[in-house]
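Chain letters run A, B, ... following the sequence lines, proteins first and then strands; every chain starts at 1.
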There are 2 protein chains.
Amino acid sequence: MVKKPAATPRREESLSRGRIIEAAIALLDEAGESGLTFRALSQRLATGPGAIYWHVANKSELLTAACDTIVARTMDAPLADATPEDTIRAIALGMFDAIDEHPWVGSALTHAPGQLPVIRILERLGRQLQALGVPQACQWRTVSALLNYILGVGGQNAANRQFAQAEGLDRTEFLGSVANAWSDLDPDDYPFARSVAGLFPDHDDREDFLFGVDLILRGVGT
Amino acid sequence: MVKKPAATPRREESLSRGRIIEAAIALLDEAGESGLTFRALSQRLATGPGAIYWHVANKSELLTAACDTIVARTMDAPLADATPEDTIRAIALGMFDAIDEHPWVGSALTHAPGQLPVIRILERLGRQLQALGVPQACQWRTVSALLNYILGVGGQNAANRQFAQAEGLDRTEFLGSVANAWSDLDPDDYPFARSVAGLFPDHDDREDFLFGVDLILRGVGT
DNA sequence: ACCTGAACACCGTTCAAGT
DNA sequence: ACCTGAACACCGTTCAAGT
């Protein structure tokens, strides 16, 4: 008598877009950007790869949707009443911390220009610029500047993490290896990079990030 | 008598790292980021995929090397004597234009944190900040801010191009479709995004970019 | 030393077939 | 309507074998 091979365990709830996105986030957090695979995802959901396509158009849409879940959660966090400047700082720091916790969000944002996750951030920043009295004609350029700075830092952070992970280094080891590489540069060609490599391992990413936000805000104020 | 199948045409010069990078740049310019494939590249070089690995460690190294060629060319361009501020503007604009011409450079930069292409930009910017009299303790944070802004804009530009190309739209059509999508947002949830969508299709990316650079420079000056 | 190209271990995506 | 899973058309990378 031929016995059927042990069936894969039945999932309890039926598939849904929400459950798929939830599983994608968990996978991305555990295994990084390269860990999100339709095969790995369908295994986690106890289904076949094809099933996911019933609820989601393709991988890019899935990644953007996962990113949007994190961004929405971050942007919906209530903020204490504060000056527009402080609120902008809080929004920016919120994104910085979210990307720190979910590095894949940094690169997902870069790959979804003009999409909902980016719009959410832009909307919150823009309102504060209006409150700040930035003239209408300058509002677009000013949010753009703030947003692009935030996206730039986020992308670099994401890439740093991925790089470190690929080499099996932790943050300190990775920064150390970069600092070493910079110190070995030709003194004639790269005096500045060398001069800055020394104080590199002790710096605080978060403080540096905020410094840049303040630089822009100071520019807006004048 | 068995005839051998027509041999693939012999290449004239032998393979070298330089020729591979050159071919990679041509391929990236013609077919975009997704066009760079070891198969496509080896066909263009009239060789097998394995041959490339003799000269180049892997795809990521190849992409970074191609990116570095463009960045080096851009950073080595002589600049007219000018104030440090104007020189910084020229450096930033040089990168903006290079990414405009080679959109893949924008995303390659994001994926090579702390690597040579980024160092080249950082070095040039940093020297101007020194000339500007930025105190040593602030130099790292200030270049970081400028650099991250440039990388952020570059990444967005690259993504915009890729998106437009994937949908078969030109720049104007793409901007129009984004503006439409923004105009359809819920008026209660996204008033700012909607207010800004209107003047969206006529804006000048390059001017917006420069506006952000000036914002940061103004912040540095105070 | 340098090159060849088949083979390996993956991908995202599709689609006939099932329930 | 929703799910299954084999199949398709790709990838990057390796490696025995050639010159």
Find the distance [X]:[atom1] to [N]:[atom2] and express it as a whole number of Å.
X       : N      : atom1 : atom2 : result
A:Leu41 : C:dC11 : CG    : P     : 12 Å
B:Ile20 : C:dC2  : CD1   : P     : 12 Å
B:Tyr53 : D:dC11 : OH    : P     : 12 Å
B:Ile52 : C:dG5  : CD1   : P     : 13 Å
A:Phe38 : C:dG12 : CZ    : C1'   : 7 Å
B:Glu61 : D:dT13 : CD    : P     : 11 Å
B:Arg39 : D:dC11 : CZ    : C1'   : 6 Å
B:Gln43 : D:dG12 : CD    : P     : 14 Å

Answer yes or no: is there a side-chain heavy-atom contact under 4.5 Å between A:Arg44 and A:Glu30?
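Heavy-atom side-chain distance check passes, below 4.5 Å.
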
In plain terms, say whether B:Arg194 and B:Asp186 are close enough for a salt bridge, that is, a side-chain N and a carboxylate O under 4.0 Å apart.
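Judged by the 4.0 Å cut-off on N to carboxylate O distance, B:Arg194 and B:Asp186 do not form a salt bridge.
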
Tell me which nucleotide, if any, is Watson-Crick or G-U wobble paired with D:dG18 when both distances must be under 3.5 Å.
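Partner of D:dG18: C:dC2.
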
Considering Watson-Crick and G-U wobble pairs with both distances under 3.5 Å, what does C:dA9 pair with?
none

Which of C:dG12, D:dC11, D:dC3 is nearest the side chain of A:Leu15? It is D:dC3

Choosing from C:dC3, D:dT13, C:dG12, which nucleotide comes nearest the side chain of A:Thr37?
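Of C:dC3, D:dT13, C:dG12, C:dG12 is nearest to the side chain of A:Thr37.
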
Tell me the closest heavy-atom pair linking B:His203 and B:Arg171, and the distance in Å.
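Shortest heavy-atom separation between B:His203 and B:Arg171 comes out as O-NH2, 3.7 Å.
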
With heavy atoms under 4.0 Å as the rule, sort B:Leu36 into base, sugar-phosphate or nothing.
sugar-phosphate

So which one's nearest nucleotide on DNA chain C is more toward 5', B:Trp54 or A:Lys59?
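It is B:Trp54, whose closest nucleotide lies nearer the 5' terminus.
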
Do the side-chain N and O atoms of B:Glu33 and B:Ser107 include a donor-acceptor pair separated by under 3.5 angstrom?
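On atom types as modelled, these side chains qualify, holding a pair under 3.5 Å.
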
Please tell me whether B:Phe96 and B:Phe209 form a close aromatic pair, meaning their ring centres lie under 6.0 Å apart.
yes

Output yes when at least one side-chain N/O atom of A:His55 is less than 4.0 Å from OP1 or OP2 of D:dA1, else no.
no

